[in-house]
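Each chain gets a letter, A, B and so on, in the order its sequence line appears, and its residues count up from 1.
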Amino acid sequence: MATPTLDKAAEAGQPEPGFADSPYITVTFRIRRFNPEVSEEASWQDFQLEIDPKERVLDALHKIKWELDGSLTFRRSCAHGICGSDAMRINGRNRLACKTLIKDINPEKPITVEAIKGLTVLKDLVVDMEPFFQAYRDVMPFLITTGNEPTRERRQSAEDRERFDDTTKCILCAACTSSCPVFWNDGQYFGPAAIVNAHRFIFDSRDEGGEQRLEILNDKDGVWRCRTTFNCSEACPRGIEVTKAIQEVKRALITRRF
Amino acid sequence: MKIHKYDTVIVGAGGAGMRAAIEATKRSRTAVLTKLYPTRSHTGAAQGGMAAALANVEEDNWEWHTFDTVKGGDYLVDQDAAEILAKEAIDSVLDLEKMGLPFNRTPDGTIDQRRFGGHSRNHGEAPVRRSCYAADRTGHMILQTLYQNCVKEGVEFFNEFYVLDQLITEVDGVKKSAGVVAYELATGEIHVFQAKAVIYASGGCGKFFKVTSNAHTLTGDGQAAVYRRGLPLEDMEFFQFHPTGIWRMGILLTEGARGEGGILRNKDGERFMEKYAPVMKDLASRDVVSRSIYTEIREGRGCGPEGDHVYLDLTHLPPEQLDAKLPDITEFARTYLGIEPYTDPIPIQPTAHYAMGGIPTNVEGEVLADNTTVVPGLYAAGEVACVSVHGANRLGTNSLLDINVFGRRAGIAAAEYSATADFVELPEDPAKLVQEQVERLRTATGSERVTEIRKELQETMDANVMVFRTEQTIKTAVEKIGELRERYLNVSIQDKGKRFNTDLLEAIELGNLLDLAEVMAVSALARKESRGGHYREDYPNRDDVNFMRHTMAYREVGDDGAESIRLDYKPVVQTRYQPMERKY
Ligand SMILES: Cc1cc2nc3c(=O)[nH]c(=O)nc-3n(C[C@H](O)[C@H](O)[C@H](O)COP(=O)(O)OP(=O)(O)OC[C@H]3O[C@@H](n4cnc5c(N)ncnc54)[C@H](O)[C@@H]3O)c2cc1C
Ligand code: SF4
Ligand code: FES
């Protein structure tokens with residue numbers, strides 16, 4: 001049975017892809033600390049670690065918490081980019097700590113880690129997520145239908161299903177919303193994540209609540225605030241084309257076709 | 001301390017908890033307490049799909065599904081429960097679709113279905129397409145859809161509330177549930193929730209293993225809370241090791257990858273599953289595949305310099321198919337391994353995945369105090385529970401199904417109960433246990449560290465009670481766990497604060513893991529046979545004469561305060577199917 005790819009690496013005596021011998025390196029993590037039980041002021045604290053650069057930033061944070069300072073506080077659960085708990089600003093950019101490998105963010109220099117912006121910091125890397133989820137709930141993020149329910153499933157063509165596929169991937173991590181300069185300046189703005197989740201329903205052929213949602217987003221704090229800076233698309237760990245989704249919602253508002 | 005009063009309290013907001021909440025909220029005043037924001041629950045990590053004999057793409061029916069479930073569980077399945085699971089599967093998938101779940105579609109617009117391990121047509125003839133799916137993020141879509149419907153129904157959530165104790169009051173000699181005690185992460189405050197009905201839906205406990213697909217937060221808090229109050233845990237020795245975890249990391253690569261045509265290969269490039277399961281091959285049931293992988297590794301056919309893994313080969317599949325059907329897991333390979341699955345095989349090893357055992361319930365989700373007596377007002381559903389539809393080994397796609405079918409049933413049963421029942425009086429000083437536990441940890445000065453004990457626990461579990469077990473290895477584990485439990489008494493934490501003290505909660509979670517690991521090992525030691533996920537090299541055969549029965553483990557406290565585990569057994573419910581040898 002031909003499996004050339006297996007043999008290629010073995011014959012050449014090369015290590016397997018992605019598993020080259022990697023000596024531990026010393027990395028400095030510069031973390032923005034804040035604990036109002038201790039001080040009203042936030043401050044930077046450096047931690048030095050011996051770590052394999054192929055590990056995740058989340059692994060480094062765990063190492064710090066478990067071996068150096070148990071009071072370092074952050075949220076996390078799944079550790080592989082699927083639960084949306086650990087969005088943070090790493091070297092000035094919003095990312096998930098569990099999806100960012102140390103080697104990919106220039107470990108020669110100190111790596112800065114701080115809470116995402118625009119939401120109130122409660123302790124270290126933990127922010128108040130309530131305003132974010134409130135904006136999400138405000139766009140009526142559920143299927144709205146009228147008439148009798150069918151006995152079997154509603155039919156939907158593969159093309160119609162594809163129409164909103166991208167925006168179903170959202171894990172509500174807030175990386176997009178908290179990277180948006182408009183949101184930093186005005187927390188009333190719905191923010192990209194809420195619009196992404198409105199998009200998910202507006203463009204679902206089974207849904208009949210599009211008009212209502214568009215009205216909500218037509219508000220002064222709605223889609224028109226978007227300045228198309230693309231920060232959100234760059235920040236999204238799920239690769240969702242956030243700006244494109246917002247543009248589609250804007251276009252739907254103008255044409256009332258979706 | 002604050003006291004709250006609700007008709008129904010649900011512990012956990014994963015698939016099972018939210019499915020229950022949607023029903024309970026319509027019928028009773030309901031609160032959902034969850035240690036994570038609902039959308040962070042590990043149901044969101046499920047990839048492959050949800051089984052239901054919709055027969056959208058080929059002939060299928062619920063009876064075939066029941067048979068596969070019973071056989072997959074190595075006949076330790078309660079067959080009445082399995083039949084309900086398979087029958088209600090169909091409505092349960094259709095309900096989710098109506099709630100908005102974006103399933104993949106067939107060319108004629110119905111829900112598409114694909115193959116999955118152990119699911120067959122006509123009692124094992126050939127693989128059948130039974131898994132309903134949304135790309136490789138079915139769990140994510142279920143979790144999102146259920147949360148969306150909770151928003152719609154106005155379900156009341158208490159987010160980042162950790163339930164740490166179950167309250168039980170004896171009324172006229174009957175143990176009844178009185179409520180729960182929870183710790184609020186943001187403030188450190190302790191809350192007592194008095195409730196007529198409590199539903200546990202707090203998920204699994206895989207974090208006592210090192211290589212696992214489970215989230216950091218899956219620490220068995222629910223199982224531990226009821227166990228500590230003298231209620232039994234069923235079949236805890238049965239844990240599923242999923243064949244395809246990313247090497248060393250344990251991150252899951254769905255069986256759907258093999259459903260789409262992926263092949264397991266050893267270092268010689270050989271498709272070794274042909275030897276072990278001539279009919280189902282790579283899609284044989286999970287325990288069979290995991291053992292086959294380790295057999296290859298032990299016999300020197302493993303890959304890599306240390307020969308400690310095998311390959312999942314997707315390179316013969318068209319890139320378009322991988323992009324359309326398996327986008328997330330191919331991205332995991334790229335992100336975490338730097339491997340391009342179009343052209344390179346992915347190194348994998350079995351990963352600790354799913355707890356078949358848990359809090360025993362009947363088919364209405366009512367928790368059992370022994371083999372037959374229910375605890376009025378206490379319910380459980382999902383991975384925390386044991387109905388038992390999974391028996392000794394769960395089939396892929398049957399858990400997303402379980403959480404929906406039995407989450408719904410528990411939600412309805414609990415709300416109907418609380419509609420007519422009275423509140424049970426709270427025990428005196430209801431928060432005492434939790435207050436003491438929290439205070440002790442906050443002020444402790446001992447020299448032991450949580451990290452060290454957890455690491456040693458995980459290492460001993462991986463080494464001794466994973467895919468292959470013997471009397472010797474299990475005894476080693478029991479001894480080690482005993483030692484770790486002693487050392488745990490001397491553990492101290494660094495964060496002494498009240499606000500978001502995750503240092504404290506990790507210590508409490510470790511205590512739960514230690515208790516459950518001990519129950520698992522002791523139950524495994526007593527089961528001198530091999531069945532499903534429990535494989536004893538010293539007893540390699542299934543022994544229906546002595547062990548066709550569920551294990552029931554109870555915590556006993558002697559007069560001197562010494563703790564021990566008492567094992568009892570419960571008969572298996574058999575209806576249609578007589579036990580047969582399991583071949584794939
Ligand atoms: C990677 C992966 C892939 C999988 N793929 C599939 C698949 O394709 N098909 C399939 O059928 N099954 C699959 N499974 C199994 C299935 O996903 C899980 O068994 C199922 O989702 C568990 O759901 P649950 O609702 O019981 O628990 P979870 O979703 O884990 O939810 C537990 C909830 O309990 C809460 N909680 C926990 N402790 C406490 C506490 N002390 N106090 C308050 N709240 C608490 C948490 O906050 C959370 O909300 C997979 C599992 C994994 C790990
Ligand atoms: S759109 Fe992307 S960045 Fe924004 S919340 Fe969703 S997953 Fe996160
Ligand atoms: S821990 Fe779940 S997304 Fe990072």
Between A:His80 and B:Tyr336 (judged by ring centroids, cut-off 6.0 Å), do the two rings come close enough to count as a pair?
no

Ranked by heavy-atom pairs below 4.5 Å to chain A, first place among B:His42, B:Gln494, B:Met99, B:Lys496 goes to B:Gln494

Let's test your reading of the structure: which of A:Ser77, A:Gly239, A:Cys170 forms the most heavy-atom pairs below 4.5 Å with chain B?
A:Ser77

Do B:Glu340 and B:Thr343 have a side chain donor and acceptor closer than 3.5 Å?
no

Option that, when pairs with chain A are counted at under 4.5 Å, heavy atom only, ranks first among B:Ala134, B:Pro102, B:Ser41, B:Ala333
B:Pro102

Basic-acidic side-chain contact under 4.0 Å: A:Arg161, B:Glu97:
no

Measure up the B:Tyr147 and B:Phe157 rings against each other and bin them: parallel (under 30°), tilted (30 to 60°), perpendicular (over 60°).
tilted

Contacting moiety of B:Asp328, where chain A heavy atoms sit under 4.5 Å:
side chain

Given a strict heavy-atom distance threshold of 4.5 Å, which part of A:Asp165 is in contact with chain B: side chain, backbone, both, or neither?
both

Please state whether the rings of B:Trp247 and B:His309 are parallel, tilted or perpendicular, taking 30° and 60° as the class boundaries.
tilted

Would you mind telling me which of A:Gly70, A:Ser157, A:Gly81, A:Pro36 has the largest number of heavy-atom pairs within less than 4.5 Å of chain B?
A:Gly70

Please classify the contact between A:Ile144 and chain B as side chain, backbone, both or neither, with a heavy-atom cut-off of under 4.5 Å.
neither

Answer yes or no: is there a donor N or O on one side and an acceptor on the other, between the side chain of A:Thr177 and the main chain of A:Ala193, under 3.5 Å?
yes

Heavy-atom pairs under 4.5 Å with chain A, option from B:Asn56, B:Leu96, B:Thr110, B:Thr39 with the top count:
B:Thr110

Is A:Gln156 in contact with chain B via its backbone, its side chain, both, or neither, using a 4.5 Å heavy-atom distance?
both

With a 4.5 angstrom heavy-atom cut-off, is it the side chain or the backbone of B:Asn159 that approaches chain A, or both, or neither?
side chain

A:Arg213 with A:Asp207: basic N within carboxylate O range, under 4.0 Å
yes

Salt bridge flag under 4.0 Å for residues A:Arg163 and A:Glu248:
yes

Do B:Ser213 and B:Thr351 have side-chain atoms, one donor and one acceptor, less than 3.5 Å apart?
no

Looking at A:Pro141, A:Ala158, A:Ala79, A:Pro150, which makes the most heavy-atom pairs under 4.5 Å with chain B?
A:Pro141

Region of A:Arg152 that comes under 4.5 Å of a non-hydrogen atom in chain B
both

Would you tell me whether A:Ser71 and A:Arg33 have side-chain atoms, one donor and one acceptor, within less than 3.5 Å of each other?
yes

Option that, when pairs with chain B are counted at under 4.5 Å, heavy atom only, ranks first among A:Asn35, A:Thr145, A:Asp69
A:Asp69

Engaged part of A:Thr151 at the chain B interface, taking heavy atoms whose separation is under 4.5 Å:
backbone

Turns out that what part of B:Phe500 lies under 4.5 Å from chain A's heavy atoms comes down to both

Hey, are A:Asn197 and B:Gln144 close enough side-chain-wise for a donor-acceptor pair under 3.5 Å?
no

Answer yes or no: is there a side-chain heavy-atom contact under 4.5 Å between A:Arg95 and A:Val57?
no

Could you tell me whether A:Glu50 atom CD has more than 12 heavy atoms of other residues or ligands within 6.0 Å of it?
yes

Checking B:Leu54 against chain A: side chain, backbone, both or neither under 4.5 Å from a heavy atom?
both

Measure B:Phe103 against the heavy atoms of chain A and call it side chain, backbone, both or neither at under 4.5 Å.
backbone

What part of A:Glu130 gets closer than 4.5 Å to chain B, counting heavy atoms only: side chain, backbone, both or neither?
both

At a 4.5 Å cut-off on heavy atoms, which part of A:Leu101 comes close to chain B: side chain, backbone, both, or neither?
side chain

What residue in B:Asp108, B:Asn104, B:Asn149 has the most heavy-atom pairs under 4.5 Å with chain A?
B:Asp108

Under a 4.5 Å heavy-atom cut-off, does chain A meet the side chain of B:Ile493, its backbone, both or neither?
neither

Answer key: most heavy-atom pairs under 4.5 Å with chain A among B:Leu218, B:Asp112, B:Thr335 is B:Thr335

Please look at A:Arg154 and chain B and tell me whether the side chain, the backbone, both or neither of the residue comes under 4.5 angstrom of a heavy atom of that chain.
both

Would you please say whether a donor-acceptor pair under 3.5 Å links the side chains of A:Thr168 and B:Arg137?
yes

Tell me, side chain or backbone of B:Lys498 under 4.5 Å from chain A's heavy atoms, or both, or neither?
both

Please determine, among A:Glu55, A:Glu159, A:Glu67, A:His62, the option with the most heavy-atom pairs under 4.5 Å with chain B.
A:His62

Quick one: what part of B:Glu160 sits under 4.5 Å from any heavy atom of chain A, side chain, backbone, both or neither?
side chain

Would you mind checking which part of B:Asp95 comes under 4.5 Å of any heavy atom in chain A, side chain (CB onward), backbone (N, CA, C, O), both or neither?
neither

Could you tell me if A:Lys123 and B:Thr502 have a donor-acceptor pair between their side chains, going purely by distance under 3.5 Å?
no

Is there a salt bridge (charged side-chain N to carboxylate O under 4.0 Å, His left out) between B:Glu509 and B:Lys207? Walk through the geometry before answering.
CA-CA 10 Å; B:Glu509 290 171 333; B:Lys207 260 302 163 190; over 6 Å; no

